[in-house]
Amino acid sequence: MNVSQTMETEEDLLTCLQIKLYHPQQSCKGFYGRLPLGTRRRHTADDPLRLGRDTEACAYVLLDPRVSRKQLAFYAYHIPQSSEMLFTIQNLSQRGKLSVNTSALGYLERMDLPDKALIRFGEYEILIIRESGEAKANFEVEFEVLAAPPSRETPMSTDSNMMNNFSAELSVRNPLESDEMHYPY
């Protein structure tokens, strides 16, 4: 078998999951010390991408005792006769609520991840952007830290009513409301 048939070339454009993080105390805490910030890493598509504080169970670790051992997971999948790789997200935290745009996910609940999504849990806001590419056995992951909360800086939809409702919901919600027992302050 020819080596070029078995290996992906540099010219292959893999799907990339851009994960942009924000926490109000990120400048004084080392939450992101175990994340490969600013570089793209390949991740096997058949292995869920888990984010949490457990270094053995999670591919990517947040150094925050208030984060669940396994907080959330992204699962890659293909649609038949399509070259796109899509993702679902699952809440792995028993105590913590997780929201994706305006939808709340309970423990072990999943939903399809839109191309652009705002994920919230505890005081974290994570902007996820799916950059299209070829559906292969791998996809890329790129982590970045945002200077400002993405809920205030980035419109999630062209539907301004949806964003106004979402912004109003975020401003009214107490950050302790959904995770009081898991996120003591």
Side-chain angles (χ1 to χ4, degrees), residues 8 12-23 32 34-36 40-62 64 67-144 146 149-151 154-159 162-163 165-166 169-170 173 178-179 182-183:
E8 295 174 27
D12 287 337
L13 296 175
L14 298 177
T15 300
C16 182
L17 205 56
Q18 296 177 4
I19 302 174
K20 301 177 182 215
L21 304 142
Y22 175 80
H23 189 283
Y32 312 131
R34 299 280 313 252
L35 295 176
R40 288 188 176 203
R41 294 264 175 104
R42 284 193 180 195
H43 191 86
T44 305
D46 63 359
D47 184 25
L49 187 155
R50 288 185 196 91
L51 182 66
R53 72 169 199 273
D54 187 330
T55 58
E56 292 181 27
C58 297
Y60 299 100
V61 176
L62 290 172
D64 184 345
V67 170
S68 293
R69 287 183 322 104
K70 292 184 276 184
Q71 187 72 47
L72 59 90
F74 298 103
Y75 297 85
Y77 70 95
H78 301 253
I79 295 176
Q81 287 86 39
S82 173
S83 65
E84 287 196 83
M85 181 175 291
L86 302 173
F87 297 88
T88 61
I89 183 171
Q90 182 178 34
N91 181 4
L92 299 177
S93 175
Q94 291 183 17
R95 296 183 184 179
K97 298 274 189 216
L98 179 122
S99 68
V100 180
N101 293 338
T102 58
S103 301
L105 290 181
Y107 176 58
L108 295 181
E109 290 182 341
R110 286 189 192 193
M111 72 177 288
D112 284 335
L113 194 64
D115 290 344
K116 191 173 191 177
L118 179 64
I119 298 168
R120 294 180 53 109
F121 61 90
E123 290 187 79
Y124 286 90
E125 289 188 16
I126 303 174
L127 179 63
I128 304 291
I129 300 171
R130 184 183 68 89
E131 187 179 294
S132 292
E134 289 296 313
K136 303 276 186 179
N138 299 299
F139 62 92
E140 293 180 321
V141 181
E142 182 176 29
F143 286 91
E144 179 184 335
L146 297 173
S151 61
T154 307
M156 299 307 298
S157 169
T158 56
D159 181 355
M162 184 181 106
M163 273 314 295
N165 292 341
F166 184 60
E169 176 188 340
L170 293 178
R173 190 183 301 165
S178 61
D179 299 355
H182 192 62
Y183 293 92

Quiz item: With side chains defined as the heavy atoms from C-beta onward, is the minimum distance between Leu62 and Arg53 less than 4.5 Å?
Solution: no
Quiz prompt | Qualifying residues under ring-ring contact (aromatic ring centres under 6.0 Å, His included), relative to Tyr32, sequence neighbours excluded | solution = none
Quiz item: Of the non-hydrogen atoms in Ala73 and Pro48, which two are nearest, and what is the gap between them?
Solution: CB-CB, 4.5 Å
Quiz prompt | Ala57: side-chain contact (heavy atoms from CB on, under 4.5 Å) partners, not counting sequence neighbours | solution = Asp54, Lys70
Self-check item: Least distance between heavy atoms, Val67 atom then Gln71 atom
Solution: CG1-OE1, 3.6 Å
Practice problem: Output all residues satisfying ring-ring contact (aromatic ring centres under 6.0 Å, His included) with Phe74, sequence neighbours left out; order by chain, then residue number. | Solution: none
Quiz prompt | From CE (Met111) to CD1 (Ile89), nearest 0.5 Å | solution = 8.5 Å
Practice problem: For Ala59, check side-chain contact (heavy atoms from CB on, under 4.5 Å) against everything at least two apart and list the hits. | Solution: His43
Quiz item: Between Ile128 and Leu17, which heavy-atom pair has the shortest distance, and what is it?
Solution: CG2-CD1, 3.7 Å
Quiz item: Going by heavy atoms in the side chains, are Thr55 and Arg34 under 4.5 Å from each other?
Solution: yes
Practice problem: Answer whether the closest heavy-atom distance between the side chains of Ser132 and Glu84 falls below 4.5 Å. | Solution: yes
Practice problem: Enter the distance from Ile126:CD1 to His23:NE2 here, rounded to the nearest 0.5 Å. | Solution: 10.5 Å
Quiz prompt | Which residues share a ring-ring contact (aromatic ring centres under 6.0 Å, His included) with Tyr60, sequence neighbours left out | solution = Phe143
Quiz item: Does the side chain of Leu35 reach to within under 4.5 Å of the side chain of Ile19, using non-hydrogen atoms?
Solution: no
Practice problem: Quick one: list whatever passes side-chain contact (heavy atoms from CB on, under 4.5 Å) with Tyr77, sequence neighbours left out. | Solution: Ile79, Leu86, Thr88, Asp112
Self-check item: Side chain proximity check, Ile119 to Tyr124, heavy atoms < 4.5 angstrom
Solution: no
Self-check item: Straight-line distance of Glu134 CD to Thr15 OG1, nearest 0.5 Å
Solution: 8.0 Å
Self-check item: Residues which pass side chain to side chain donor-acceptor pair (under 3.5 Å) with Glu131, listed by chain and number, not counting sequence neighbours
Solution: Gln18, Arg40
Quiz item: Heavy-atom distance under 4.5 Å between the side chains of Leu92 and Leu108, does that happen here?
Solution: yes
Exercise. Please round to the nearest 0.5 Å and tell me the distance separating atom CG of Leu72 and atom CG of Leu51.
Key: 5.0 Å
Quiz prompt | Residue pair Pro114 / Asn101: nearest heavy atoms and the distance that separates them | solution = CG-ND2, 3.7 Å
Quiz item: When rounded to the nearest 0.5 angstrom, what is the spacing between NZ in Lys136 and CG in Leu14?
Solution: 7.5 Å
Quiz item: Is there a side-chain contact between Leu127 and Tyr22 (heavy atoms, below 4.5 Å)?
Solution: no
Self-check item: Residues that Asp115 engages under salt bridge (charged side-chain N to carboxylate O under 4.0 Å, His left out), provided they are two or more places apart
Solution: Arg130
Quiz item: side chain to side chain donor-acceptor pair (under 3.5 Å) with Tyr75: which residues, sequence neighbours excluded?
Solution: Gln90
Quiz item: What pair of heavy atoms forms the shortest contact from Pro149 to Glu125, and how long is it?
Solution: CB-OE1, 3.4 Å
Self-check item: Test item: Asn91 side-chain N/O and Gly96 main-chain N/O as donor-acceptor pair under 3.5 Å
Solution: yes
Exercise. Quick one: which residue pairs count as a ring-ring contact (aromatic ring centres under 6.0 Å, His included) with a foot in residues 82-118, not counting sequence neighbours?
Key: Phe87-Phe139
Quiz item: CD of Glu56 to CZ of Arg50: how many Å apart, nearest 0.5 Å?
Solution: 12.5 Å
